[in-house]
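Given the structure is predicted, the values throughout are model-derived calculations rather than measurements.
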Amino acid sequence: MRVELCGGIASGKTTLATALKERFLYCDAVLEDVFSNGFLPDFYCDPPYYAYETEIFFLLQHMHQIKVRQRQGIPLVCDFSLEQDYAYGENNLIGDELSSFREIYQVTMSQLQTPELLIFLDCPVDILLRRITARGRTSERTINTDYLRTTIAQLKRRLKDTGREIVVIDSHRYDFRKDEDISYLLSGPLHMCSRIFV
C-alpha cells in the first residue's frame, strides 16, 4: 500500500512524508534523493537541452525506490509521485523525447502497485519562491515564477486526467512540522491515512 505526495517545488512534500512516518509506526517514508540526479543543475541552467535525461532519471529513480520498498510489504508514504513525474515529462519534453518518456512511464506503471492515495499540496507560487530562496539550494537559483506556474498547471491537469479522487491540502495554511496541524489533518482531509498505515 502506498501514498504519494505531489505539489510544487518546496510545497512541503518531504516534511509531510516525514511527519506521517513519525505518526504511524507501521509505515515507511520513501524520500526523493534529489541530489543524486547529476543532470538537475544542468537542467535548471538549460531546461530544453537537458530535459530528457533529467525526467527519465527521476522516473526510473522513483520506480526503483518504490520497487525496493514494496517488497518489504509495509505501507509507504512517498514524498514524490509518479503522476508528477508524468506531468513534468509532459511539461518539459516534446516530439520523440516525449514519446519515449511515455513508453517508459507505461512500463514503469506496469511494474508497480497503484497508490491507494494521491495527495496534492497546493501552495501559492510566491510562497514557493520564498521557500526555495530560504533553503538556498544552488541548483534551484534559476527557478522562476513562470516555471513554477507551468509545472503546477501541468500537474493539476494530469491529476484531473487520472479520474481519481485527489486529496488537496493547502500547504501554506498548515505547518507540517507542528503536531497539532498534523493531528487536525488526520482527523479531516487525511483521515484515510489511518486506514492505510495500519
Side-chain angles (χ1 to χ4, degrees), residues 1-34 58-59 61-63 65-67 69-70 72-91 105 108-109 111-132 148-198:
M1 301 182 87
R2 184 170 82 251
V3 171
E4 292 183 1
L5 306 179
C6 55
I9 299 166
S11 60
K13 300 181 292 291
T14 301
T15 306
L16 179 56
T18 303
L20 291 174
K21 181 190 183 310
E22 289 172 357
R23 183 61 67 99
F24 296 100
L25 299 177
Y26 298 103
C27 84
D28 196 9
V30 185
L31 306 180
E32 179 179 69
D33 184 7
V34 68
F58 274 126
L59 178 63
Q61 179 191 50
H62 295 158
M63 175 191 73
Q65 286 181 277
I66 293 170
K67 283 177 74 173
R69 296 293 184 81
Q70 75 181 11
Q72 298 170 354
I74 59 175
L76 305 174
V77 55
C78 302
D79 74 343
F80 54 83
S81 169
L82 296 170
E83 298 303 338
Q84 182 153 345
D85 289 336
Y86 188 89
Y88 274 52
E90 289 275 322
N91 190 68
Y105 173 84
T108 296
M109 296 307 286
Q111 296 189 23
L112 299 175
Q113 301 164 356
T114 303
E116 276 67 33
L117 182 62
L118 290 172
I119 301 170
F120 173 64
L121 303 182
D122 201 9
C123 190
V125 169
D126 61 316
I127 302 299
L128 295 177
L129 278 173
R130 199 179 310 156
R131 291 177 180 176
I132 290 167
L148 287 172
R149 280 203 182 104
T150 57
T151 54
I152 292 168
Q154 186 66 47
L155 174 57
K156 288 180 177 179
R157 281 192 291 273
R158 176 60 186 171
L159 292 176
K160 185 178 179 183
D161 288 346
T162 67
R164 300 185 58 190
E165 182 179 347
I166 310 295
V167 174
V168 179
I169 303 293
D170 180 349
S171 71
H172 176 52
R173 180 177 175 191
Y174 302 103
D175 186 340
F176 304 141
R177 297 166 299 183
K178 292 184 176 177
D179 232 22
E180 58 268 28
D181 283 4
I182 294 298
S183 293
Y184 173 79
L185 290 168
L186 288 172
S187 67
L190 296 181
H191 69 278
M192 289 177 62
C193 291
S194 298
R195 293 204 302 269
I196 295 170
F197 298 140
V198 292

Measuring only between side-chain heavy atoms, which start at C-beta, is [X] closer than 4.5 Å to [Y]?
| X | Y | result |
| --- | --- | --- |
| I182 | E22 | no |
| I66 | E4 | yes |
| L148 | I132 | yes |
| Q84 | T151 | no |
| H172 | P124 | yes |
| M1 | Q113 | no |
| V77 | F24 | no |
| Y86 | D161 | no |

Please step through side-chain contact (heavy atoms from CB on, under 4.5 Å) for the pair V30 and R2, ending with a clear verdict.
CA-CA 10 Å; V30 185; R2 184 170 82 251; over 6 Å; no
First locate atom [atom1] of [X], then atom [atom2] of [Y], and finally report the distance between them rounded to the nearest 0.5 Å.
| X | Y | atom1 | atom2 | result |
| --- | --- | --- | --- | --- |
| S171 | D122 | OG | CG | 7.0 Å |
| C27 | I74 | SG | CD1 | 7.5 Å |
| I119 | C6 | CD1 | SG | 8.5 Å |
| T15 | L20 | OG1 | CG | 11.0 Å |
| L155 | D85 | CG | CG | 10.0 Å |
| I152 | N91 | CD1 | CG | 10.5 Å |

Exercise: identify the closest heavy-atom pair between [X] and [Y]:
| X | Y | result |
| --- | --- | --- |
| L82 | M63 | CD2-N, 4.3 Å |
| P189 | I169 | CB-CD1, 3.5 Å |
| P75 | Y26 | CD-O, 3.0 Å |
| L128 | I9 | CD2-O, 3.3 Å |

Is it true that the side chains of [X] and [Y] contain a donor and an acceptor less than 3.5 Å apart?
| X | Y | result |
| --- | --- | --- |
| Y184 | E180 | no |
| Q154 | R157 | yes |
| R177 | T18 | no |

Run the side-chain contact (heavy atoms from CB on, under 4.5 Å) test on C193 and L117 for me, step by step, so that the C-alpha distance in whole Å, both residues' side-chain angles and the decisive distance to 0.1 Å come before the verdict.
CA-CA 8 Å; C193 291; L117 182 62; 4.0 Å; yes
Is [X] reaching over with its side chain to a backbone N or O of [Y], donor-acceptor style, under 3.5 angstrom?
| X | Y | answer |
| --- | --- | --- |
| H62 | L59 | no |
| R69 | A29 | yes |
| Q65 | L31 | yes |
| K13 | G8 | yes |

Between S11 and R131, does a side chain to side chain donor-acceptor pair (under 3.5 Å) hold up when you go through it step by step?
CA-CA 8 Å; S11 60; R131 291 177 180 176; 6.0 Å; no
Ion pair R173/D181, N-O distance below 4.0 Å
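Salt bridge absent between R173 and D181.
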Begin from the C-alpha positions of D28 and K21 and carry the test side-chain contact (heavy atoms from CB on, under 4.5 Å) through to its verdict.
CA-CA 6 Å; D28 196 9; K21 181 190 183 310; 3.3 Å; yes
